[in-house]
Amino acid sequence: MKIATWNVNSLKVRLDHLLAWLEKERPDAVCLQETKMENAVFPAAAIEAAGYQVAFSGQKTYNGVAILARAGVADVVDGIPGYADEQKRVLAATVGGVRLVCAYVPNGQSLESDKYRYKLDWLGAFTAWIGSELSRHPQMAVLGDYNIAPADEDVHDPAAWVGQVLVSEAERNAFSALCSLGFKDSFRMFPQPERSFTWWDYRMNAFRRKMGLRIDHILLSDSLAGKCRSVSVDVAMRALERPSDHAPVVAELDL
DNA sequence: ATGGCAGGAAGCTCCTGA
């Protein structure tokens, strides 16, 4: 079973990239973030024609998540239960016996921002809910754009990022707390290339200069982590014409 | 030099992202 996460930064703009990638990589399930479209205009027919069932939760301009799966999506949950939030950032579904959670964690903007407080509050509610989900679904994966670089090796220039959002101690502690529920940051279970990132700024030729961050992650529950064969970043997707600023992360499971 | 690029909605400029 091959599962993936990709922040597409507008599904309208990236649909052709997505469909070509599905045909080439043939993942069993894909979590998308930043679809930036309302449900009424979601391109479900094109995705179904590619062989996937799809669940989606979107809004205009910002946010928006979707889960695609060849085997179909069951028991879909939209949002964090009990946490009132108009922003469409979370979708959960069961695919082939595995509970998948697709998450688009708030960016936070800056440490002084109300959006940073929202990010930490959101992460608290998310972690509490994920803990309860894990107790019901031992085989679970939490995939998405976490907007957190867990360690300095996930940052192209750690000194330049000190004091910035995405690398703060509180955010990293929140990521650790999530993992401590019983998850592995699957990417680090395997040897990886130096300077492995999943996001590169559109500006300043950041991609070509390998100036990125690793902020998109696939967390695997401990029982699922033992079945993981490989995890990689599909860097080639960032090198396409008119790319998303994020590259997909792909995990292969022995399932 | 706090810029740089991209997407969306609005509408000829702004907000947001990370």
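Reminder, nothing fancy here: chain letters follow the sequence lines and each chain counts from 1. Only this structure's heavy atoms are used, side chains among them; waters, hydrogens and symmetry mates stay out.
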#### Entry: Over all atoms of both residues, closest heavy-atom pair of A/A125 and A/Y83
CB-CD1, 3.4 Å
### Task
Determine which pairs satisfy side-chain hydrogen bond (donor to acceptor under 3.5 Å, both in side chains) with at least one residue from residues 34-44 of chain A, sequence neighbours left out, and list them in order.
A/N7-A/E34, A/N9-A/K36, A/E34-A/Y104
Which residues pass the side chain to side chain contact (heavy atoms under 4.5 Å, CB included) test with [X], sequence neighbours left out?
X	result
A/V76	A/A55, A/V73, A/L91, A/A93
A/E25	A/K2, A/W21, A/P27, A/D234
A/A174	A/L123

Using a 4.0 Å heavy-atom cut-off, does [X] contact any base of the nucleic acid, only the sugar-phosphate backbone, or nothing at all?
X	value
A/K115	sugar-phosphate
A/D216	nothing
A/Q164	nothing

### Ionic contact status for A/D154 with A/R188, cut-off 4.0 Å
yes
### Sequence neighbours excluded - salt bridge (charged side-chain N to carboxylate O under 4.0 Å, His left out) pairs with any residue from residues 105-134 of chain A
A/R99-A/E133, A/K119-A/E171, A/E133-A/R136
### Task
Among residues two or more places apart or on two chains, list those pairs meeting salt bridge (charged side-chain N to carboxylate O under 4.0 Å, His left out) that have a residue in residues 191-200 of chain A.
none
### Query
Does A/D152 have any salt bridge (Lys or Arg N to Asp or Glu O under 4.0 Å) partners at least two apart in sequence or in another chain, and if so, which?
A/R172
### Partner residues of A/D201 under the salt bridge (Lys or Arg N to Asp or Glu O under 4.0 Å) criterion, sequence neighbours left out
A/R203
Take atom [atom1] in [N] and the same atom in [M], then report the distance between them in whole Å.
N	M	atom1	value
B/dG4	B/dA18	C1'	14 Å
B/dA10	B/dC15	C1'	11 Å
B/dT16	B/dA1	C1'	22 Å

### Message
According to ring-ring contact (aromatic ring centres under 6.0 Å, His included), who are the partners of A/F42, at least two apart in sequence or on a separate chain?
### Response
A/F56
### Summary
Its 5'-most and 3'-most nucleotides having an atom under 4.0 Å from a non-hydrogen atom of chain A, DNA chain B is contacted over B/dG4 to B/dA18
### Query
Can you list, by residue number, the residues of residues 143-152 of chain A that have a non-hydrogen atom closer than 4.0 angstrom to DNA chain B?
A/D145, A/N147
### Message
Using a strict heavy-atom distance below 4.0 Å, which residues from residues 102-114 of chain A are in contact with DNA chain B?
### Response
A/Y104, A/N107
## Note on the structure
Between A/N9 and A/Q87, the residue closer to the 5' end of DNA chain B by nearest nucleotide is A/N9
### Residue mapping more 5' on DNA chain B - nearest nucleotide basis, A/W161 or A/M204
A/M204
